[in-house]
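Notes follow once the structure below has been shown.
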Amino acid sequence: MEGEKKIIIKKCTTNDVNDIYNIQKIVIDNFKEEEKGYFLPFKKETYLFT
């Protein structure tokens with residue numbers, strides 16, 4: 001169909017994980033102090049598939 005975008009799914013690489021982790025940190029850092037306790041950050045290893 002016209003206008004459809006192709007979606008590509010791939011395993012995360014170390015470079016991807018670093019980018020995801022940095023985005024996660026930015027998002028959590030921008031929460032209000034009283035909201036931060038509700039959102040525990042994932043460890044980098046969580047994003048890697050084995």
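- With values rounded to the nearest 0.5 angstrom, Asn15 atom CG is found 11.0 Å from Ile20 atom CD1.
- Linking ILVMFWY residues whenever their side-chain heavy atoms come closer than 4.5 Å, directly or via other members, leaves Tyr21 and Ile26 in distinct clusters.
- Under a 4.5 Å side-chain heavy-atom criterion applied to ILVMFWY residues, the cluster that includes Ile9 comprises Ile7 as well.
- For Asp29, the side-chain hydrogen bond (donor to acceptor under 3.5 Å, both in side chains) test picks out Lys25, with sequence neighbours left out.
- In this structure Asp16 satisfies the side-chain hydrogen bond (donor to acceptor under 3.5 Å, both in side chains) test together with Lys10, Thr13, sequence neighbours excluded.
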